[in-house]
Amino acid sequence: MKSCETAALSTITTTDFLASLLQSSKTKSETCDSQEFSHHLLMDFVTWEFNAFLWVSLIAVTALLLRKVFKVFRAWSQARKIPGPPCPSFYGHSKLISRENLTEVLSVLHKKYGSIVKLWLGPTQLLVSMNDPELIKEMLLKAEDKLPLTGRAFHLAFGPSSLFVSSFEKVQRRRESLATELNGRLIERAPVIPTKVVDCIMERVNKFMAEGNFDCKMVSQHMAFTLLGSTLFGDTFLAWSKATAYEELLMMIAKDACFWASYSVTPYWKQGFWRYQHLCTKLKFLTQDIVQQCRKNYKFFLHKDENLHNENVNMGMESASGAPSCSGVEMPDNLFLRGLNGHLSAREEPCGNIMGVMFHGCLTTTGLIDNLLVRLVTHPKLQEKIYAEIIMTRNGSMKQDQQCVDKMHLLLATVYESARLLPSGPLLQRCSLKHDTSLKTGVTIPAGAVMVVPVQLVQMDDSSWGQDASEFNPYRFLSKAENRSDLVLDTSWNAEKPGDSSSILNDPNNNVAFLPFGSGTRACVGQKFVIQGVATLFASLLEQYEIRLESGSKGESEPTMNDTIFQLLPSPDIVFVRRNS
């Protein structure tokens, strides 16, 4: 009996054990199935999200490409209405332009197709050239933007800046501020170029002559650098021991700026680029140094003036109206730098605008001074007439310590003519980044197209400047009082006597073909400042020195015409001879 019970109990225990095992196996199976289901669900969700991302990306890229393709076809459609040579290949006329001078190419095309000509620089880049003064004036008023390459060159060299960007909307406010400073308070200082500025220039010139390495270009570069630096930073710049190093750095950066800016992607992998950036960094530190020197001198003058005022008060005396006072002296920190660097954004380089103005101003002013020096040494009779005009004006001036260049009509006319014949660049470039440009002739230029003006062709146009358009004739900017005109008709060198009150200086900007400083909304904001400063510098220089060709140097340094553009001969060697009086 007991054995039967024992057997039954054993059977029940075994059955329970097997049941528990089965239940446990079932639970584990359900758990595994649940985990596997969750895993598959997660994988399906990730796959769905990734596929959705790919579809969105594909749709976005396709939309972007379709938009670009639409713009290309739209540009092609609009460009068909613009006269020009047929496109030889998919790459446009790039091979033609690379083989020949662009100005010469445009000269031939304008004669064949008229005042508006198109060229394809590539499958998507359109270039439109104009040589009619009225169309140029209209285009320069409507096309307010500049090519991105220009802003990129300044950005790589001097850091982010709101003064040299492509979009006119972004630069308008800063340009207005700069124009106010240059054409307002700073231009008032230009006629008061002291003798020590000329002495500083001549000190460096004598050093060049002693080294035996001396020509117009070197002198022009130093004259432009000293003129601009002394005007912006005051007398502190003339006494600055690092001025020579600053000038050399600035010219080294100028040589490579456009080359590195031509890369569509910043070439961080090139060692030459990092050497270039190192030079830019050194220039930044030097700029900060001269700014700091200006601030120190400004505070010193204020403190000195305050002590002088306190001494006068303690003695019971008031400053006489003619007594010297430093409080009226505005140093660049308070005058120019504040207006130029005021309201900087967080991304802008504090000294970027200052370096940009020095860079751009020195390059353009150097070209003008170089051409002016060449004209004076190759036309000694003109130089003597200008000297006589300077002496006559100085003798008739109430302020013997200032140059009244506004009354030196022949000198100013010579500056204008030098700028006309050799502008700072062969092409004046503009573009409209957002909107099409519609001209009164019915031609519509698509947005993004490069619009250029072959400045040399316009400056040599007989219809705008007369039959002697290619000749150097300052008298074209002078006219008689009783018969004033935009262009002078008297081409004789003996037509007017220096200082003759019957001679009137015509405003060159009244002639729409006068474009050495550009025109329209993006015209050079420093035109008046440069003309006034260069004229004042030469008035002080010619009063003390006569500029001559060095013995043995070729005297026929007159630019020669090759088809329709100027080909400059090597810069002549010159010497400065101090006048007896």
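No experiment lies behind these values; they were computed from the predicted model shown.
Taking every heavy atom of both residues into account, D436 and A447 meet most closely at OD1-N, 2.8 Å. For the pair R420 and F514, the tightest heavy-atom approach, listed with the atom from each and the gap, is CB-CE1, 4.1 Å. Contact detail for A254 and L363: the closest heavy-atom pair is CB-CD2, 3.9 Å. Nearest heavy atoms, E417 versus E471: OE2-O, 3.2 Å. For the pair S418 and N371, the tightest heavy-atom approach, listed with the atom from each and the gap, is O-ND2, 2.5 Å. Among all heavy-atom pairs drawn from S464 and N511, the shortest one is O-ND2, 3.4 Å.
The 12-atom threshold is exceeded at CE of M251, counting heavy atoms of other residues, nucleotides or ligands nearer than 6.0 Å. At most 12 heavy atoms of other shown residues, nucleotides or ligands fall within 6.0 angstrom of atom CZ in F285. Within 6.0 Å of NZ on K282 lie no more than 12 heavy atoms contributed by other residues, nucleotides or ligands.
Between the side chain of R430 and the backbone N or O of M451 there is no donor-acceptor pair closer than 3.5 Å. Although no hydrogens or angles enter the test, the distance criterion places no donor-acceptor pair under 3.5 Å between the side chain of S519 and the main chain of L515. For the pair H278 (side chain) and W274 (backbone), a donor-acceptor distance under 3.5 Å is absent. No donor-acceptor pair closer than 3.5 Å links the side chain of K118 to the backbone N or O of L126. A donor-acceptor pair is defined here as one N or O able to donate and one able to accept, closer than 3.5 Å; such a pair exists between the side chain of D132 and the backbone of L135. Remark: side-chain polar atoms of S107 are not paired, donor with acceptor, to backbone N or O of T103 under 3.5 angstrom.
You'll find the side chain of M252 stays beyond 4.5 Å of the side chain of Y276, heavy atoms only. The closest side-chain heavy-atom distance from C431 to L433 is below 4.5 Å. Residues M139 and V453 are in side-chain contact: their nearest non-hydrogen atoms beyond the backbone lie under 4.5 Å apart. Side-chain contact between K242 and D289 is present, with heavy atoms from C-beta onward closer than 4.5 Å. You'll find the side chain of F237 stays beyond 4.5 Å of the side chain of Q293, heavy atoms only. Side-chain contact between I136 and V512 is absent, with no heavy atoms from C-beta onward closer than 4.5 Å. Side-chain atoms of L228 and T365, non-hydrogen and from C-beta on, never get closer than 4.5 Å to each other. Here the side chains of L439 and I445 are in contact, with some heavy-atom distance below 4.5 Å.
In this structure, CD on Q429 lies 13.5 Å from CG on D145, to the nearest 0.5 angstrom. Rounding to the nearest 0.5 Å gives a distance of 15.0 Å between CG of L279 and NZ of K284. Note that the CG atom of L286 and the CE atom of M358 stand 11.0 Å from one another [nearest 0.5 Å]. In this structure, CE on M202 lies 9.0 Å from CE on M223, to the nearest 0.5 angstrom.
Shown are F472, F517, F477; of these, the ring-ring contact (aromatic ring centres under 6.0 Å, His included) with Y416 is made only by F477. Partner T226 forms a side-chain contact (heavy atoms from CB on, under 4.5 Å) with one of V198, L238, T231 and no other, that one being L238.
Two rings, from F233 and W240, have their centers 6.0 Å or more apart.
Residues H110 and S129 bring a donor and an acceptor atom of their side chains to less than 3.5 Å of each other. Side-chain N/O atoms of Q221 and D370 include no donor and acceptor closer than 3.5 Å.
For F273, the ring-ring contact (aromatic ring centres under 6.0 Å, His included) partners are W260, Y268, not counting sequence neighbours. Applying the ring-ring contact (aromatic ring centres under 6.0 Å, His included) test to F538 and every residue at least two apart in sequence or in another chain returns nothing.
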